[in-house]
Amino acid sequence: MRHLSRQELPQDSVTLARYLIGKTLVRELPRGRRLTGRIVETEAYLPGDAACHAYVGPTPRNRALFMAHGHAYVYFIYGNHFMLNVSSESEGVGAGVLLRAVEPLEGVELMQKHRGSTRLRELTSGPGKLAQAFKIDMNLYGQDYCTAGPLWLAEALQPVGRIGRSRRIGINKNAQRLLRFYEKGNPFVSGPRALRG
DNA sequence: CGGCTGATGATCT
DNA sequence: GATCATCAGCCGG
């Protein structure tokens with residue numbers, strides 16, 4: 001499997017969010033164990049977007065959003081869940097793409113163990129579930145997705161279906177903007193039925 | 001199936 | 001003290 005280079009990764013947030021659909025998320029764990037998933041749902045958070053965590057300017061929490069595109073921004077929310085993002089735009093500009101869902105490929109048994117569930121549909125169909133299945137936490141903060149390491153992005157392994165576009169899920173500010181992308185009809189896409197077709 | 005709600009902690013006011 | 005890019009469990013149809 002081939003890494004995506006920073007050069008081939010789009011810098012523009014919206015372009016990146018759409019581009020990532022169908023690509024492969026790779027998580028390397030100790031003892032040579034590997035988890036992989038096919039990205040099927042993303043959301044873009046833009047410069048100047050009140051819903052973006054970088055909107056308030058750089059802070060210790062959001063600094064990874066200001067890194068060059070292709071670095072991991074991880075945060076903890078609702079006292080329970082980690083969210084995994086890919087930084088976008090150029091260095092110094094705060095923006096990113098939230099990875100909301102993947103289709104499990106390699107390591108399904110280990111994902112089941114991390115999630116405490118054997119139900120395939122429930123393993124990675126949402127940002128919190130995906131992070132738990134892939135053992136994502138603050139240790140991965142700022143990781144480069146374009147180099148060898150515990151977390152990286154690889155090329156698509158299968159053709160990509162039709163890509164849908166909708167409003168983002170779970171936010172109030174700028175809620176009307178069409179910045180969510182997903183593979184139409186994929187059973188691992190999260191959200192209400194109306195936002196999955 | 002859809003709708004509702006409590007849990008739980010970091011961050012900011 | 002409020003907010004928050006969520007989830008599981010419970011309830012009703």
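Convention: sequence-line order gives letters A, B, ...; per-chain numbering from 1.
- Looking only at atom types and distance, the side chain of E89(A) has a donor-acceptor partner in the side chain of S13(A) under 3.5 Å away.
- Between R115(A) and dA8(C), a side-chain N or O to OP1/OP2 separation shorter than 4.0 Å is present.
- Ion pairing between a basic and an acidic side chain is recognised when a charged N comes within 4.0 Å of a carboxylate O; E155(A) and R2(A) show such pairing.
- Nucleotide dT6(C) holds its P atom 5 Å from the OH atom of Y78(A), rounded to whole Å.
- The environment of Q176(A) atom CD is dense: over 12 non-hydrogen atoms of other residues, nucleotides or ligands sit within 6.0 angstrom.
- If you check dC4(C), dC12(B), dT6(C) against the side chain of T59(A), the one that comes closest is dC12(B).
- Candidate nucleotides dG9(B), dC4(C), dC7(C) were compared by shortest atom distance to the side chain of P127(A), and dC7(C) ranks first.
- Residues K173(A) and S125(A) both approach DNA chain C. Their nearest nucleotides, taken by heavy-atom distance, put K173(A) toward the 5′ side.
- For the pair R61(A) CZ and dC12(B) P, the computed distance is 7 Å after rounding to whole Å.
- The aromatic ring of Y45(A) sits over the base of dA5(C), with ring centres less than 5.5 Å apart and planes inclined by under 30°.
- Taking atom CD of residue Q132(A) and atom P of nucleotide dC7(C), one finds them 10 Å apart after rounding to whole Å.
- Q143(A) and W152(A) form no side-chain donor-acceptor contact under 3.5 Å, judged by distance and modelled atom types alone.
- Straight-line distance from the NE2 atom of H53(A) to the P atom of dC4(C): 9 Å, rounded to whole Å.
- Of the nucleotides present, dG2(B) is the one that pairs with dC11(C) by Watson-Crick or G-U wobble criteria, both distances under 3.5 Å.
- Note: CZ (R100(A)) to P (dC7(C)) measures 7 Å, nearest angstrom.
- Interface remark: the N80(A) side chain does not form any donor-acceptor pair with the dT6(C) base, using a distance-only criterion of under 3.5 Å.
- dA5(C) makes up no base pair with any nucleotide shown, lacking Watson-Crick or G-U wobble contacts both under 3.5 Å.
- Judged by distance alone, with hydrogens and angles left aside, Y75(A) brings no side-chain donor or acceptor close enough to the base of dA10(B) to form a pair under 3.5 Å.
- The nearest whole Å value for the distance from the CD atom in E41(A) to the C1' atom in dT6(C) is 13 Å.
- When distances run from any side-chain atom of E122(A) to the nucleotides dA8(C), dA5(C), dG2(B), the shortest one goes to dA8(C).
- Looking at heavy-atom distances under 4.0 Å, G128(A) makes contact with sugar-phosphate atoms alone, never a base.
- In this structure, the CD1 atom of I136(A) is 14 Å from the P atom of dC7(C), given to the nearest Å.
- Rounded to a whole Å, the CZ atom of R119(A) is 11 Å from the C1' atom of dG9(C).
- If you check the side chains of S117(A) and Q112(A), you find no donor sitting under 3.5 Å from an acceptor.
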